[in-house]
Protein chains: 2
Amino acid sequence: MADTSTRTVERALLLLGTVCDRGSVTLADAARDAGLSASTALRLLRTLEGTGFVRRDDDGYRPGMRVVQLGAQALSHESLVSLAEDALERLVSSTGESAYLNVPSSDGHGIYLSVREGTHSVRHTSWVGRSIPLEGSAAGAVLSGDTPEDGFVVISNGIEPDVTAIAAPVLSGGQVVAALSVVVPSYRIDDDGARRIGRQVAAEAAGVLAAPTDAAPQGTSSTGIETPTTHEPSTTGAQS
Amino acid sequence: MADTSTRTVERALLLLGTVCDRGSVTLADAARDAGLSASTALRLLRTLEGTGFVRRDDDGYRPGMRVVQLGAQALSHESLVSLAEDALERLVSSTGESAYLNVPSSDGHGIYLSVREGTHSVRHTSWVGRSIPLEGSAAGAVLSGDTPEDGFVVISNGIEPDVTAIAAPVLSGGQVVAALSVVVPSYRIDDDGARRIGRQVAAEAAGVLAAPTDAAPQGTSSTGIETPTTHEPSTTGAQS
DNA sequence: ATTTGTATTTCACTTATTGAAACGCTCATT
DNA sequence: AATGAGCGTTTCAATAAGTGAAATACAAAT
């Protein structure tokens with residue numbers, strides 16, 4: 001695809017990634033990181049600045065609002081997020097533990113696409129957009145197609161210490177398109193518990209794309225990134 | 001800035017915006033929208049696809065995970081979000097209504113940067129990344145510098161019907177950098193109530209950048225986009 | 001004073017980008 | 001069946017868009 005791509009755009013997007021990874025970066029560091037001359041990087045960063053993707057302050061270049069906005073728009077268009085919403089809520093309600101929706105990313109990792117935190121005061125924490133390696137994680141194993149016959153993967157103290165991760169595949173047309181996972185502090189779970197939760201996760205994962213759901217969000221969700229069924233803000237609630 | 005910018009990059013970013021706005025767009029529509037030839041748009045969209053910013057399916061081009069990821073990273077680097085966190089929570093706790101943090105965007109609008117929903121079953125709804133006009137909205141008036149002496153703006157049935165919006169400025173060095181706002185269904189509030197909430201919002205807004213806060217997130221927040229103080233996922237909670 | 005590093009501007013050069021044209025395919029209409 | 005419209009894709013001649021080396025100004029450290 002190298003000959004059907006646009007070098008200049010690739011360079012600019014690479015710089016955008018650097019700015020977002022770092023949070024704040026000087027022109028010189030950004031140029032060095034991207035292997036560009038300072039004047040080239042300056043012009044590309046200026047373009048990103050002029051379009052709102054980055055902004056400039058005394059310390060250097062920072063992400064701009066346009067990335068936040070487009071990222072949020074992109075997420076709200078992800079139909080998987082809305083479909084998995086109820087499943088995630090139910091998993092949290094029944095287990096008390098943090099539940100996640102993971103999808104494959106374009107660079108061979110997994111990505112956290114939706115996050116529901118558990119109800120215990122000591123719980124696992126992660127965030128939307130976070131990348132996770134496919135090796136050594138339960139969600140990663142599922143996304144790689146390595147789900148055993150019982151339908152879920154359990155990994156204790158894998159790439160994340162002190163937690164037990166349980167994941168099951170969301171299938172579409174026989175293909176793994178996402179993983180539902182629950183992550184528990186290991187001190188709070190034994191083998192039996194992991195199997196019990198595993199069966200729940202597998203059941204929920206099987207239901208995500210199976211049934212047409214009446215999942216009209218009735219304000220029960222409190223994620224910062226909403227996936228409203230209509231894009232109009234409104235007063236919502238029961239009509240009682 | 002036209003002569004220090006990069007046309008090719010601008011075009012690609014414009015196409016990215018179109019894909020994210022629409023959620024799904026054909027090559028022909030994207031090209032038409034951007035005023036480009038089909039072959040130019042194809043190559044630029046291929047570049048965006050190859051870098052993960054968009055993806056392609058049968059219906060056309062969709063936002064890719066890279067935008068979601070960078071958007072989430074960008075948001076997590078926004079220090080205003082973490083600083084305003086407690087203020088937003090307190091506003092929701094004390095009023096029961098939805099509370100928001102708005103900032104100016106690069107294109108002359110306001111943007112919802114952080115969202116906390118109210119506790120009533122009938123409440124206002126909005127989302128991170130949403131754009132709001134500066135004219136006719138309480139947050140917009142505040143961001144435009146039009147805050148009266150009493151320190152807050154109240155707009156009933158402005159650009160959004162059926163709601164009363166109350167906003168106050170977050171100031172830094174005498175400059176308005178953000179707005180805190182509370183939005184209430186109009187049937188649930190009168191003038192006295194609006195003034196009472198207005199004073200609360202103004203007090204909270206004044207406190208956002210004023211005091212060094214011990215705002216270690218103790219898992220009290222349940223936004224989908226977390227701003228963890230460290231970027232390591234962990235088990236979090238009280239040490240009791 | 002000197003050195004190092006940063007950000008910015010300039011401009012000759014070249015090659016990266018462009019878009020018109022051609023092609024193949026699908027679908028709708030006559 | 002034939003035709004037209006629209007889509008997505010490929011090709012390639014032309015040109016101007018993008019590049020980076022060099023120069024400049026500034027700040028900080030030695």
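To find a chain, count down the sequence lines: A is the first, B the second, and so on, and within it residues start at 1.
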In whole Å, what is the span from the [atom1] atom of [X] to the [atom2] atom of [N]?
X: B/L42; N: D/dG8; atom1: CG; atom2: P; result: 9 Å
X: A/D57; N: C/dA7; atom1: CG; atom2: C1'; result: 15 Å
X: B/L15; N: C/dT18; atom1: CG; atom2: P; result: 10 Å
X: A/D58; N: D/dA28; atom1: CG; atom2: C1'; result: 16 Å
X: A/E49; N: C/dA7; atom1: CD; atom2: P; result: 13 Å
X: A/L45; N: D/dG18; atom1: CG; atom2: C1'; result: 15 Å
X: B/L27; N: D/dT10; atom1: CG; atom2: P; result: 11 Å
X: B/R32; N: D/dG6; atom1: CZ; atom2: C1'; result: 9 Å

Among the nucleotides [options], which one has an atom lying closest to any side-chain atom of [X]?
X: A/L44; options: D/dC7, C/dA7, D/dT19; value: D/dT19
X: A/R43; options: D/dG20, C/dT17, C/dA7; value: D/dG20
X: A/T6; options: D/dT19, C/dT17, C/dA7; value: C/dT17

Query raised in the report: More 5' along DNA chain C: A/A38 or B/G35, using each one's nearest nucleotide?
Result: A/A38
**Report entry** Contact nearer the 5' end of DNA chain C, comparing A/D59 with A/R7
**Finding:** A/D59
Query raised in the report: Would you say the side chains of B/E160 and B/H124 form a donor-acceptor pair under 3.5 Å?
Result: yes
Requested in this report: Go through the side-chain N and O atoms of B/S5 and A/T47 and say whether any donor and acceptor fall under 3.5 Å apart.
Outcome: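 Short answer, yes.
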Query - Side-chain donor/acceptor contact of A/S39 with base of C/dA7 under 3.5 Å - result: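 Per atom types, no contact qualifies.
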Report task. Could you tell me whether the side chain of B/T6 and the main chain of B/V9 form a donor-acceptor pair under 3.5 Å? Result ->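 Looks like no, no N/O pair under 3.5 Å.
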So, is [X] close to the [N] phosphate, meaning a side-chain N or O under 4.0 Å from OP1 or OP2?
X: A/T8; N: D/dG18; answer: no
X: B/R11; N: C/dA16; answer: no
X: B/R46; N: D/dT10; answer: yes
X: B/T40; N: C/dG19; answer: yes

Report task. Tell me, with the steps shown, if A/L36 and A/R11 meet side-chain contact (heavy atoms from CB on, under 4.5 Å). Result -> CA-CA 9 Å; A/L36 301 172; A/R11 285 174 159 181; 3.1 Å; yes
**Report entry** Criterion side-chain contact (heavy atoms from CB on, under 4.5 Å) against B/L143, the qualifying member of B/N102, B/V177, B/V103
**Finding:**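 So, applying the side-chain contact (heavy atoms from CB on, under 4.5 Å) to B/L143 and each of B/N102, B/V177, B/V103, only B/N102 qualifies.
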